[in-house]
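Below is one structure, written out as C-alpha cells; comments come after it.
What you see is a predicted model; the values in this text were computed from it and never measured. The first residue in the sequence is number 1, and the count goes up from there. Computed over heavy atoms, backbone and side chain alike; hydrogens, waters and symmetry mates excluded.
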Amino acid sequence: DGHEFIEDVAQKGAVAVVVMEDVNVDANITVIKVEDTRYALACMSAAYFGHPAEKLINIGITGTKGKTTTTYGTSGFRKRWNKNRTYRNN
C-alpha cells in the first residue's frame with residue numbers, strides 16, 4: 001500500500017501525492033484524492049505522453065479461413081500510411 005510511504009517520498013522531495021484515503025502531510029505537498037489510483041495513474045500517464053492510444057490504428061481480422069491472406073492483403077494499406085506492421089496470432 002503506497003499510502004504507507006508518503007512520509008518517505010515527501011522527505012525525498014515529492015511535491016504531490018495521489019491517494020484514495022485521507023492522509024496527513026505537510027502543507028507544501030499537494031494531495032490529489034481519487035477513487036481509483038491505478039485508473040488515475042493511467043489517465044495521468046496518457047496525458048503526459050500526449051494520449052498515444054488516440055494515434056493508434058487497430059485492425060482486427062477474425063474468422064476460420066483467410067486471415068493470413070487478408071492480413072498480407074491489408075499490409076499494402078499500412079505501408080501507404082507509413083506504419084509499422086505488427087501481426088499477432090492467437
Side-chain angles (χ1 to χ4, degrees):
D1 183 358
H3 292 83
E4 297 174 12
F5 302 100
I6 291 175
E7 186 176 318
D8 293 337
V9 297
Q11 290 175 357
K12 294 179 180 179
V15 296
V17 292
V18 179
V19 298
M20 293 191 315
E21 302 168 5
D22 291 329
V23 294
N24 293 320
V25 296
D26 293 337
N28 60 337
I29 296 178
T30 301
V31 177
I32 303 167
K33 188 174 179 185
V34 298
E35 289 184 27
D36 184 341
T37 52
R38 289 183 186 197
Y39 181 73
L41 176 61
C43 292
M44 290 184 295
S45 297
Y48 181 81
F49 288 104
H51 301 280
E54 294 175 1
K55 300 173 183 106
L56 295 175
I57 297 171
N58 293 310
I59 299 172
I61 301 169
T62 63
T64 56
K65 294 185 179 183
K67 292 186 296 292
T68 301
T69 303
T70 304
T71 300
Y72 283 107
T74 59
S75 69
F77 294 114
R78 297 186 64 144
K79 288 178 184 176
R80 286 187 205 142
W81 292 333
N82 196 23
K83 303 291 179 186
N84 293 327
R85 287 181 285 159
T86 301
Y87 301 107
R88 181 175 177 208
N89 296 320
N90 289 334

#### Entry: Non-hydrogen side-chain atoms of V31 and V19 separated by less than 4.5 Å
yes

Write down the atom of [X], the atom of [Y], and the distance for their closest heavy-atom approach.
X: A46; Y: P52; value: O-CD, 3.9 Å
X: A40; Y: V34; value: CB-CG2, 3.9 Å
X: I61; Y: K67; value: O-CD, 3.7 Å
X: H3; Y: M20; value: NE2-N, 3.1 Å
X: D1; Y: E21; value: OD2-OE2, 4.1 Å

### Message
If I take atom CD from residue E7 and atom CG from residue D26, how far apart are they, to the nearest 0.5 angstrom?
### Response
8.5 Å

### Passing candidate, side chain to side chain contact (heavy atoms under 4.5 Å, CB included) with I6, options V23, N24, I29
V23

### Task
Examine distances only and state if a side-chain atom of K12 and a backbone atom of D8 form a donor-acceptor pair shorter than 3.5 Å.
no

#### Entry: Heavy-atom neighbours of N28 CG exceed 12 at 6.0 Å
yes

